[in-house]
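Per chain, numbering begins at 1; letters A, B, ... match sequence-line order. Hydrogens, waters and symmetry mates are skipped; everything else that's a heavy atom, side chains included, is used.
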Amino acid sequence: MKEMHTTYDPKEFEDRIYEKWMEEGSFRAEVDPAKVPFTVMMPPPNITGQLHMGHAMDETTQDVIVRFKRMQGHSVLWLPGTDHASLATEHKIVEKLREEGTTKEELGREEFLRRAWAWKEQYGGKIIGQLKKLGSSCDWSRLAFTMDEKCSTAVKEAFFRLYKKGLIYRGSRIINWCPDCKTALSDEEVAYSEDAGSFWYFNYPVKGTDEHITIATTRPETMLGDTAVAVNPHDERYARFIGKTLILPIVGREIPVVADDYVDPEFGTGAVKITPAHDPNDFEVGLRHNLQMIRVLGDDGTVNAQGGKFEGLGRYEARKRIVAEMQDLGLLVKVEPHAHNVGHCHRCNAVLEPIVSKQWFVKMKPLAGPAIHAVMQNKTKFVPDRFAKIYFNWLENIRDWCISRQLWWGHRIPVWYCDDCGETICERETPTKCPKCGSTHLHQDEDCLDTWFSSALWPFSTLGWPNETEDFKYFYPTDVLVTGYDIIPFWVMRMMFSGIEHTEKVPFRDVLIHGLVRDEQGRKMSKSLGNGVDPLEVIEKYGADSLRLSLMTGVAPGNDTRFTDAKVEASRNFINKIWNASRFVLMNAEGDIPPLAEVRLQPADRWIISRLQSTIREVTLSLQKYDLGIAADKITDFAWNDFCDWYIELSKPALYGDDAEKKRGTLAVLMFVLENTLKLLHPFIPFVTEEIYGYLPHVKGNIITADFPRYNTKLAYKKEAKAFEGVIDLVKTVRAMKVEVGCPPVKKVPLYLVTEQKRLVAVNKSSILRLAGASDIDFVESGAEAGEKPVSKVCELGQIFVPLGELVNLEAERKRLEKELERIMGEIARADSKLTNKNFVAKAPKKLVEDEAAKKEKYLDMKKRIEQQLKLL
RNA sequence: GGAAGUUUAGCUCAGCUGGGAGAGCACUUGCCUUACAAGCAAGGGGUCAUAGGUCCGAGUCCUAUAACUUCCACCA
């Protein structure tokens with residue numbers, strides 16, 4: 001047998017283990033009617049992306065679940081993929097072109113796309129290698145890409161169906177426009193931030209009078225497009241102006257004063273300039289009053305021909321000039337500082353312009369309803385369920401989804417226009433002639449679809465929908481979707497309504513939401529702050545298992561967590577502990593190790609096996625509920641405290657003794673517990689558990705495909721385990737006594753014991769002597785038999801006396817005993833207060849009352865013993 | 001303006017359907033005990049944000065309050 005290295009060194013085996021899994025096809029999902037499928041769709045990272053801590057959290061969470069389910073015997077499909085990230089990618093390539101001194105327009109669409117695909121081939125695979133480093137056990141043979149053939153077919157089909165149902169339409173509406181990216185965005189892609197701005201007060205003269213109305217605006221440049229001024233119909237100050245005409249300064253246009261409830265008389269001056277083409281609210285007002293819509297800003301954010309002499313100026317330059325000119329005209333009343341929320345492009349952070357533009361939209365109301373119902377009826381459950389509220393909130397207030405983007409990299413809108421008759425044609429396949437006039441002069445819509453349109457189909461497009469493939473039939477709907485709460489509106493919601501609309505099934509049964517990974521100070525990790533921690537560097541330093549475990553411990557679903565080096569180090573230390581415990585077991589393993597069923601079990605054996613059983617049960621239940629943090633805690637607690645600190649130490653007398661049968665029995669138990677502990681740990685720390693598993697002499701195959709431990713009632717040994725706790729308590733009590741009186745740990749002391757559990761103590765004598773640092777144990781009836789000047793302490797099993805001779809300070813011992821007596825009296829009083837409470841006795845569960853009475857008995861007994869001992873001093 | 005979350009040991013955080021407050025790190029003390037100093041043993045440290053309420057019993061449920069965080073909406 002190979003020897004294990006003396007220290008845990010993840011670098012030595014992590015890559016090797018991953019290759020082994022790949023070679024043996026351990027991640028591959030099979031359509032197997034004999035098994036129950038378990039499907040998880042990986043949220044596809046952007047091809048522009050680098051692995052960050054958010055991914056590490058997301059991937060680890062999924063991998064833990066998937067490995068657990070795989071070991072439980074499911075046919076597991078964890079389908080990986082990447083997202084073409086239309087805007088983000090195009091943005092990057094455009095930037096690169098700029099560096100080369102060219103533009104996408106100069107290149108032309110075809111050449112641009114060729115470059116984009118090349119870019120995807122070159123960089124898009126990077127993140128996949130990074131996912132592998134983490135240990136992600138996804139089925140790489142099914143790797144998908146949102147622009148591959150399968151997904152493109154699904155996108156066209158989905159668009160076609162929605163279009164035919166009238167759920168997709170084209171229209172001129174106010175949309176969010178990014179002047180830098182030169183494309184429309186959806187409402188969800190707008191990032192608001194509070195910016196310091198100004199409030200300019202302008203006078204608009206009333207036609208044919210000396211009077212004027214003062215309006216206030218944060219965007220003076222939009223006045224070029226003003227087509228009215230609105231006041232509240234109930235505002236007495238302005239009642240006489242309603243219906244009058246104003247002269248728009250600078251421009252000279254005559255505009256009406258209209259009454260509209262939208263205006264808040266309390267805010268500003270109570271009179272609002274109306275620019276229907278550049279403000280969503282004004283747009284609505286414009287519709288209600290039939291106002292003219294004048295667009296004054298072009299796609300690049302400069303003033304267009306409608307802006308007269310300001311044409312060609314940037315929006316901020318135009319603002320400056322207009323304010324200056326208003327001042328010259330004596331129409332600027334005042335300027336106030338004003339902080340207000342401004343929408344920014346989530347990709348390039350440029351200030352967005354609301355602009356009226358002809359775009360494609362998805363009608364949301366008919367789609368939102370069923371998506372809301374599905375969650376209300378628990379067809380899909382959010383974990384934790386509070387996130388359902390966020391989901392409802394979004395869907396209930398949703399507006400139509402702008403899906404067209406003025407981009408080239410993405411799914412081109414499957415709509416053609418007839419050059420001759422102007423017919424709009426939407427087909428699954430590229431049409432060759434106009435169905436209306438027969439013309440062959442057709443051209444396709446220039447725009448692309450929002451990236452999220454294809455992401456929304458991800459749970460089924462990747463399985464071959466709309467074709468009824470074997471994969472689709474077997475693996476769909478999926479079981480759980482794992483993602484951060486920030487993605488609910490972008491993705492979860494859209495997958496829900498798309499899934500229900502297109503497949504008539506919810507796309508996933510559960511949505512597991514995890515929190516954000518923040519930096520050590522609790523700040524969001526971000527590029528601009530430069531506070532991001534690179535998971536790959538952490539893996540390089542500590543290994544992937546340590547990173548994974550550190551992300552999984554001490555976290556609750558949906559709650560944010562902080563990343564600290566200290567936490568990774570703690571995880572690394574734990575893994576090292578497991579490594580060494582395994583080494584200990586293997587070092588002592590000699591000859592054939594019998595299966596557990598064939599050996600005689602000692603009390604300590606039954607205790608550890610019992611503890612293992614309850615750990616198995618708790619861990620399994622926690623994992624099923626997605627309480628990964630609790631599961632990780634339970635296993636690490638068992639492995640470190642129960643197994644390493646107690647059982648391994650307890651096993652040493654048997655291992656080093658001459659009783660061959662006992663030794664074989666102990667080895668069987670050690671091996672059994674180790675093997676099961678490794679299996680419980682495997683979902684969290686897959687590499688090291690697989691590596692150690694390979695050293696176990698009696699097992700075949702890999703741990704990744706081994707059976708997850710099952711709770712076995714026959715091995716629960718509840719009573720025996722409970723009794724054995726007394727032995728542990730005894731050892732702890734002796735250790736504490738020695739420390740309290742300052743007895744050197746190496747000095748072996750004789751123990752005198754008053755107890756009714758003589759057999760239990762006798763059987764475990766050698767372990768107790770070893771662990772407690774004692775020389776011998778004698779059973780006595782009272783302290784009087786315990787030699788000169790004994791110190792004493794009560795414990796679960798009875799009372800311990802240790803004659804410490806010269807080490808004993810009588811006065812100190814008296815004080816110690818009095819203090820302990822005080823504590824015991826407190827306990828008795830506590831139990832009494834409950835037992836004398838009639839309501840408690842009458843209403844509390846019977847078991848609780850009985851337990852309380854038993855405790856009181858125990859403490860009364862302890863009290864008696866201490867009092868006796870005090871008399872002897 | 002609306003919504004959600006957080007508030008527990010010095011720090012970072014767990015705590016499931018209410019039944020004697022936990023972990024890791026840090027700290028104190030003592031140990032290189034032949035798996036492990038990335039370790040072992042023994043400890044100290046908490047009116048569970050505040051005020052009420054329900055209950056025999058509240059960190060846990062309810063209602064207010066405060067502070068912080070986040071999301072959404074937004075008044076030009």
Minimum heavy-atom separation for Gly54(A) to His514(A), with atom names?
-> O-NE2, 4.5 Å

Determine whether the side chains of Lys273(A) and Thr222(A) contain a donor N or O and an acceptor N or O closer than 3.5 Å.
-> yes

What is the nucleic acid contact for Asn837(A), judged by heavy atoms within less than 4.0 Å: base, sugar-phosphate only, or nothing?
-> sugar-phosphate

Out of rC36(B), rA4(B), rU70(B), which has the shortest distance to the side chain of Arg386(A)?
-> rA4(B)

Nucleotide rU70(B), atom C1' - distance to CE of Met525(A) in whole Å | 17 Å

Pairs touching residues 567-578 of chain A that satisfy side chain to side chain donor-acceptor pair (under 3.5 Å), sequence neighbours left out | Tyr542(A)-Glu569(A), Thr561(A)-Lys567(A), Asn576(A)-Asn580(A)

Just how far is it from atom NE2 of His5(A) to atom CZ of Arg583(A), taken to the nearest 0.5 Å?
-> 11.0 Å

Shortest non-hydrogen contact between Ser582(A) and Met4(A), atoms and distance = CB-CE, 4.2 Å

Candidate nucleotides rA76(B), rA35(B), rA42(B), ranked by approach to the side chain of Lys732(A) - the nearest | rA42(B)

Which side chain to side chain donor-acceptor pair (under 3.5 Å) pairs, counting each pair once, include a residue from residues 385-396 of chain A, with sequence neighbours left out?
-> Arg386(A)-Asn559(A)

For Asn839(A) and rC55(B), give me the distance from atom CG to atom C1', rounded to whole Å.
-> 10 Å

N or O in side chain of His338(A) less than 4.0 angstrom from rA76(B) OP1/OP2 = yes

Picking from rA76(B), rA35(B), rA38(B), which would you name as closest to the side chain of Ala581(A)?
-> rA35(B)

Look at the side chain of Tyr262(A) and decide which nucleotide, out of rG39(B), rA76(B), rC71(B), has an atom nearest to it.
-> rA76(B)

In whole angstroms, how far is the P atom of rA76(B) from the CG atom of Asn232(A)?
-> 16 Å

State which of rA42(B), rA76(B), rG24(B) makes the closest approach to the side chain of Val739(A).
-> rA42(B)

Tyr656(A) vs Arg399(A), nearer the 5' end of RNA chain B by closest nucleotide = Tyr656(A)

Is any side-chain nitrogen or oxygen of Asn573(A) closer than 4.0 Å to OP1 or OP2 of rG39(B)?
-> yes

Expected rows: protein N/O vs nucleotides 13-23 of chain B N/O, under 3.5 Å:
from, atom 1, to, atom 2, distance (Å)
rC13(B), OP1, Arg562(A), NE, 2.6
rC13(B), O2', Gly554(A), O, 2.6
rA14(B), OP1, Asn559(A), ND2, 3.1
rG20(B), N7, Lys855(A), NZ, 2.7
rG20(B), O6, Arg830(A), NH2, 3.4
rG20(B), N1, Glu827(A), OE1, 2.7
rG20(B), N1, Arg830(A), NE, 3.2
rG20(B), N1, Arg830(A), NH2, 2.6
rG20(B), N2, Glu827(A), OE1, 2.3
rG20(B), N2, Glu827(A), OE2, 3.3
rG20(B), N2, Arg830(A), NE, 2.3
rG20(B), N3, Arg830(A), NE, 3.0
rG20(B), N3, Arg830(A), NH2, 3.3

Complementary nucleotide for rG1(B) - Watson-Crick or wobble, under 3.5 Å | rC72(B)

Can you tell which of rC71(B), rA35(B), rA76(B) lies closest to the side chain of His340(A)?
-> rA76(B)

Is any side-chain N or O of Trp579(A) closer than 4.0 Å to OP1 or OP2 of rG39(B)?
-> no

Taking N and O atoms by type only, does the side chain of Glu396(A) place a donor or acceptor under 3.5 Å from a partner on the base of rA3(B)?
-> no

Among rA76(B), rA35(B), rA38(B), which is the nearest nucleotide to the side chain of Arg572(A)?
-> rA38(B)

Check: Asp264(A)/Asn232(A) side-chain N/O donor and acceptor closer than 3.5 Å | no

Yes or no on ring-ring contact (aromatic ring centres under 6.0 Å, His included) for Tyr201(A) and Phe199(A), after CA distance, side-chain angles and deciding distance?
-> CA-CA 7 Å; Tyr201(A) 289 76; Phe199(A) 223 3; 5.6 Å; yes

Find the distance Ile578(A):CD1 to rA38(B):P and express it as a whole number of Å.
-> 17 Å

Between Trp394(A) (CH2) and rA4(B) (C1'), how many Å, whole number?
-> 14 Å

Side-chain contact check for Lys577(A): nearest option of rA38(B), rA76(B), rC40(B) is rC40(B)

The answer to which of Thr7(A) and Val190(A) contacts RNA chain B further toward the 5' end, by nearest nucleotide, is Thr7(A)

Between CH2 of Trp640(A) and P of rA41(B) the distance, given in whole Å, is 10 Å

